[in-house]
Amino acid sequence: MNIEHICQFIRDTFQTDEFVPLHAPTFVGNEKRYVMDTIDSTFVSSVGKYVDEFEQKIESFTQSPKAVAVVNGSAALQMALYSAGVKQGDLVLTQALTFVATCNVLYHLGAQPIFIDVSETSLSLCPNALERYLNQHATITERGCIHKTTGQRIKALMPMHTFGHPAEMDELGVISKKWQLQLIEDAAESLGSMYKGRHTGTIGDFGAISFNGNKIITTGGGGVVLCASSEAGQHVKHITTTAKVPHAFEFYHDEPGFNHRLPNINAALGCAQMEVINELIASKRVLAMQYREFFAGSDFQFVEEPCYAKSNYWLNAVICPSVESRNTLLNETNSHGVMTRPVWTLMHHLPMFKNALRGDLSYSQWLSQHLVNIPSSALCVDR
Ligand SMILES: *Cc1c(COP(=O)(O)O)cnc(C)c1O
């Protein structure tokens, strides 16, 4: 299979001779109507009906006890970690193979990542690698889980559902209980992805979803914190809205709050997008099956959902047979107007995380030299 053949398949699939982006948003429903409604009513900002409506739509879609809409996925992660009690000097176990936002939020909380390898099953945090690391480097004391070499507290475990494919949550859940770790799911990419019948982001203590323009649905910019209890959810809502105590006219705030609430105009876009989410996911799964069939029997291995999961197939990916073929695929597709991307530079190769603690990362390393993401926008969605 040559690259020309791949480009042609992608052009035929998306039915275009023009530039094919990696992931474009789809607006086929009430987006304009709802956004215009916020402008006509003047309620574009912190007051208006769409934020509540959007949170309710997310709750019923994910079966989360409480969803809190915020300005972006990074803020959602920050609120999840903050609410889980991650503090200055703490360590958090996560992946080196992730988007930088996962680790940036740790940095800004004064915490540090410990990088664990990803598994071949899910491309997400590997339970076996995690267990091996903890057995070797951690101990349980009256202060909780402690890193034996640095004496720092290991407070939380933060798997990321890579490209929408659910991580091995049962195994990670058992480990997080055993080692007294808060479990926070970076579900930024996995709205609509199910782990054994449960929505990703609702399995741990907190989950964070992103509605950035390249995600499966978008609010322009936006995110949501999924909380395992409605009490935790009420507190997240409180701190994202300046921790103001409700009163007819007084301004009284009972703790240091944030201004992270999603504006009404963005929530309006989100409400319209949630009306078509099922069609979008169905369409993305059709696209993934077309890719799977196309690459079957070739040198390129199409990345499929784990057998226990139903993935939203947010970003499709192929694993190339060699580093050379990976480089050729990237060069040839991008120079012919078909956008493809390598996986993110591994976090421990970025200057701000180069000294972070880590286990063996050989599979992450191998993937970073072989994996390529291919165009993944939803195909035509009929309304
Ligand atoms: C997109 C993304 C985020 C951040 O979301 P923003 O809305 O862009 O802030 C965090 N983690 C992962 C894995 C992501 O893909």
Side-chain angles (χ1 to χ4, degrees), residues 58-59 61-67 73 76-77 80-81 83-84 86 92-99 102 105 113-135 138 145 154-210 215-216 223-229 232-233 281 285 303-315 317 359 363-364 367:
I58 296 286
E59 282 164 13
F61 185 73
T62 62
Q63 293 298 299
S64 168
K66 181 76 186 131
L77 276 175
L81 289 159
S83 302
V86 173
V92 174
L93 295 144
T94 190
Q95 304 166 202
L97 184 123
T98 187
F99 179 58
T102 312
V105 290
I114 303 176
F115 295 124
I116 303 295
D117 212 356
V118 293
S119 81
E120 284 190 49
T121 309
S122 63
L123 307 188
S124 299
L125 208 136
C126 174
N128 295 333
L130 175 65
E131 187 114 67
R132 228 174 293 131
Y133 187 90
L134 286 166
N135 283 331
C145 184
I154 306 178
K155 181 64 186 176
L157 171 61
M158 180 165 52
M160 191 280 278
H161 304 290
T162 307
F163 311 141
H165 302 312
E168 290 140 90
M169 292 308 295
D170 280 346
E171 291 80 357
L172 294 177
V174 168
I175 297 170
S176 72
K177 284 221 166 56
K178 177 174 166 200
W179 292 91
Q180 302 180 14
L181 305 168
Q182 290 281 303
L183 181 54
I184 291 151
E185 300 174 66
D186 183 344
E189 306 178 351
S190 66
L191 181 67
S193 295
M194 306 299 284
Y195 174 83
K196 299 187 181 173
R198 297 165 75 188
H199 196 284
T200 51
T202 66
I203 299 157
D205 299 290
F206 294 95
I209 290 177
S210 166
K215 296 300 201 294
I216 190 149
V224 75
V225 191
L226 303 178
C227 309
S229 72
I281 290 168
R285 290 183 59 85
V303 174
E304 292 187 48
E305 66 194 350
C307 59
Y308 51 74
K310 184 163 182 249
S311 176
N312 67 3
Y313 279 98
W314 171 59
L315 266 197
Y363 190 58
S364 304
L367 279 177

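Given the structure is predicted, the values throughout are model-derived calculations rather than measurements. No hydrogens, no waters, no symmetry mates; every other heavy atom, side chains included, goes into these values.
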Evaluate the criterion side-chain contact (heavy atoms from CB on, under 4.5 Å) for residue pair Tyr363 and Cys126; output intermediate values, then yes/no. CA-CA 10 Å; Tyr363 190 58; Cys126 174; over 6 Å; no
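- With hydrogens and angles disregarded, a donor-acceptor distance shorter than 3.5 Å links the side chain of Gln95 to the backbone of Leu125.
- The side-chain heavy atoms of Ile58 and Ser64, taken from C-beta on, include no pair separated by under 4.5 Å.
- Judged purely by atom type and a 3.5 angstrom limit, Tyr133 has no side-chain atom pairing as donor or acceptor with the backbone of Phe115.
- Under the 4.5 Å side-chain criterion, counting only non-hydrogen atoms from C-beta, Ser119 is not in contact with Asn128.
- Applying the side-chain hydrogen bond (donor to acceptor under 3.5 Å, both in side chains) rule to Thr94 yields no partners; only residues at least two apart in sequence or on another chain are considered.
- The shortest side-chain heavy-atom distance between Leu130 and Glu168 does not fall under the 4.5 Å cut-off.
- We find the CD1-CG distance between Ile175 and Leu181 to be 9.5 Å, quoted to the nearest 0.5 Å.
- What you find for Leu226 and Gly201 is that their closest heavy atoms are CB-O, 3.5 Å.
- Side-chain contact check for Asp170 versus Tyr195: some heavy-atom pair is nearer than 4.5 Å.
- With values rounded to the nearest 0.5 angstrom, Asp186 atom CG is found 10.0 Å from Phe99 atom CZ.
- The two atoms that bring Pro166 and Tyr308 nearest to each other are O-OH, 2.9 Å, heavy atoms only.
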Show the numbers, then the answer: is there a side-chain contact (heavy atoms from CB on, under 4.5 Å) between Glu171 and Glu131? CA-CA 10 Å; Glu171 291 80 357; Glu131 187 114 67; over 6 Å; no
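- In this structure, the side chain of Glu189 does not engage the main chain of Thr162 through any donor-acceptor pair within 3.5 Å.
- Panel note: side chain Asp117, backbone Ser364; a donor-acceptor pair is recorded below 3.5 Å.
- Contact check for Met158 versus Thr98: no side-chain heavy atoms found under the 4.5 Å cut-off.
- Smallest separation of non-hydrogen atoms from Ala188 and Lys215: O-CE, 3.6 Å.
- Under a 3.5 Å cut-off, the side chain of Glu185 and the backbone N or O of Ile203 do form a donor-acceptor pair.
- Shown here for Ala167 and Pro159, the closest heavy-atom pair between the two residues is CB-CB, 4.4 Å.
- Here the side chains of Tyr313 and Glu304 are in contact, with some heavy-atom distance below 4.5 Å.
- Annotation: the span from Ile209 atom CD1 to Leu77 atom CG amounts to 10.5 Å, rounded to 0.5 Å.
- No side-chain heavy atom of Arg198 sits under 4.5 Å from any side-chain heavy atom of Met169.
- Side-chain contact between Leu134 and Leu93: present, with at least one pair of heavy atoms (C-beta onward) separated by less than 4.5 Å.
- Annotation for Asn135 and Lys178: closest pair OD1-NZ, 4.3 Å, computed over non-hydrogen atoms.
- Here the straight-line distance linking atom CG of Leu157 with atom SG of Cys145 works out to 10.0 Å at 0.5 Å rounding.
- Considering OG1 of Thr200 and CE of Met194, their distance stands at 8.0 Å, rounded to 0.5 Å.
- Of the possible donor and acceptor atoms, none in the side chain of Asn312 sits under 3.5 Å from a partner among the backbone N and O of Ile281.
- Tested against His165, the residues Ser124, Ser190, Ser311, Ser193 include a single side-chain hydrogen bond (donor to acceptor under 3.5 Å, both in side chains) partner, Ser311.
- The two residues Phe206 and Gln182 have their closest heavy-atom pair at CE1-OE1, 4.5 Å.
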